[in-house]
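Contents: one structure, followed by commentary.
The analysis underlying the following values was restricted to heavy atoms, covering all of them including side chains, and did not include hydrogens, waters or symmetry mates.
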Amino acid sequence: MLYMPSQECYLSFKSPSNLSSTKCLTNLSLKYVNVNGELIEYFLSNCPNLEQLRLYWLEHTDNLNVSGPLLQLKHLEIFQCKFLESLEFCAPKLVTFMYFGHSKIRLSMGSLPLLSELDISASQDHQATYALVPFSSYLPQIETLKLSIWLPEDYEEIP
């Protein structure tokens with residue numbers, strides 16, 4: 001079941017009086033909610049201490065830009081955001097990137113000098129190797145690389 005925040009909920013996050021309460025936020029997990037990329041980007045630009053961002057099963061997020069001059073993000077996880085078409089990120093402190101979703105996503109990245117763990121997963125109808133091309137220049141610095149294909153229990157044949 002997905003939850004759709006009301007317009008008042010969006011506005012409460014963006015009000016100046018509530019903004020100060022997000023300054024200490026270090027970990028943000030959004031699961032099964034309908035939020036757009038604009039609200040996620042708002043959190044990224046207004047939460048200077050945010051180190052972990054987890055996005056699971058988001059429905060209205062189609063394009064996402066994870067960047068900013070003061071971005072402290074170290075861990076980014078994206079899981080089954082089925083309408084996500086493009087992900088652009090420049091996170092100089094990013095250490096871990098995990099993605100499970102469709103292979104039609106356009107990945108564009110800037111400098112990732114600390115990236116050391118890459119975990120890319122796909123369902124049985126997609127190949128997990130699609131992300132190796134965008135990340136190919138970072139492979140020499142990757143210490144942990146995971147490529148996975150998720151198969152249902154009753155799946156009899158591995159493609």
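Under the 4.5 Å side-chain criterion, counting only non-hydrogen atoms from C-beta, N65 is not in contact with N63. Residues L58 and L84 are not in side-chain contact: their nearest non-hydrogen atoms beyond the backbone lie 4.5 Å or more apart. Counting heavy atoms from C-beta outward, K31 and W57 have side chains that stay 4.5 Å or more apart. Side-chain contact check for Q72 versus P48: every heavy-atom pair is 4.5 Å or farther apart. Two residues are said to be in side-chain contact when any heavy atoms from C-beta on lie closer than 4.5 Å; L44 and L71 meet this criterion.
Put simply, CG on L53 and OG1 on T26 are 12.0 Å apart, with the number rounded to the nearest 0.5 Å. Note that the CG atom of L87 and the OG atom of S108 stand 8.5 Å from one another [nearest 0.5 Å]. Rounded to the nearest 0.5 Å, atoms OG1 (T96) and CG (D119) are 9.5 Å apart. If you take CD on E41 and CG on L39, they are separated by 9.5 Å, rounding to the nearest 0.5 Å. Separation of atoms SG (C90) and CE (M109) is listed at 10.5 Å; rounding is to 0.5 Å. Distance check, rounded to the nearest 0.5 Å: OG of S121 to NZ of K146 gives 9.0 Å.
Under the 4.5 Å side-chain heavy-atom criterion for ILVMFWY residues, no single connected hydrophobic cluster contains both L118 and M98. Both I142 and I120 are part of a single hydrophobic cluster, where members link through side-chain heavy atoms under 4.5 Å apart. Linking ILVMFWY residues whenever their side-chain heavy atoms come closer than 4.5 Å, directly or via other members, places L145 and L94 in the same cluster. In the hydrophobic cluster analysis, where Ile, Leu, Val, Met, Phe, Trp and Tyr join through side-chain heavy atoms closer than 4.5 angstrom, L114 is grouped apart from V66.
Minimum heavy-atom separation, L112 to A91: CD2-O, 3.5 Å. Here the shortest heavy-atom pairing between L115 and V95 reads CD1-O, 3.4 Å.
Of the possible polar contacts, none joining the Q52 side chain to the S29 backbone as a donor-acceptor pair under 3.5 Å is found.
Taking the six-membered ring where tryptophan is involved, the planes of F79 and F100 are tilted, since the angle between them lies from 30° to 60°.
With sequence neighbours excluded, no residue satisfies salt bridge (charged side-chain N to carboxylate O under 4.0 Å, His left out) with R106. For K74, the salt bridge (charged side-chain N to carboxylate O under 4.0 Å, His left out) partners are E51, not counting sequence neighbours.
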Check the pair Y99 / I105 against side-chain contact (heavy atoms from CB on, under 4.5 Å), numbers first and verdict last. CA-CA 10 Å; Y99 177 79; I105 188 170; 3.7 Å; yes
Side chain to side chain donor-acceptor pair (under 3.5 Å) evaluation trace for N36 with T61: CA-CA 4 Å; N36 59 25; T61 306; over 6 Å; no
Please test N27 against R54 for side-chain contact (heavy atoms from CB on, under 4.5 Å), starting from the C-alpha separation and ending with a verdict. CA-CA 8 Å; N27 188 338; R54 292 178 179 92; 3.2 Å; yes
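For an aromatic pair to be called close, the ring centres must be under 6.0 Å apart, and F97 with F89 satisfies this.
For the residue pair Y56/E77, the side-chain donor-acceptor check at 3.5 Å is satisfied.
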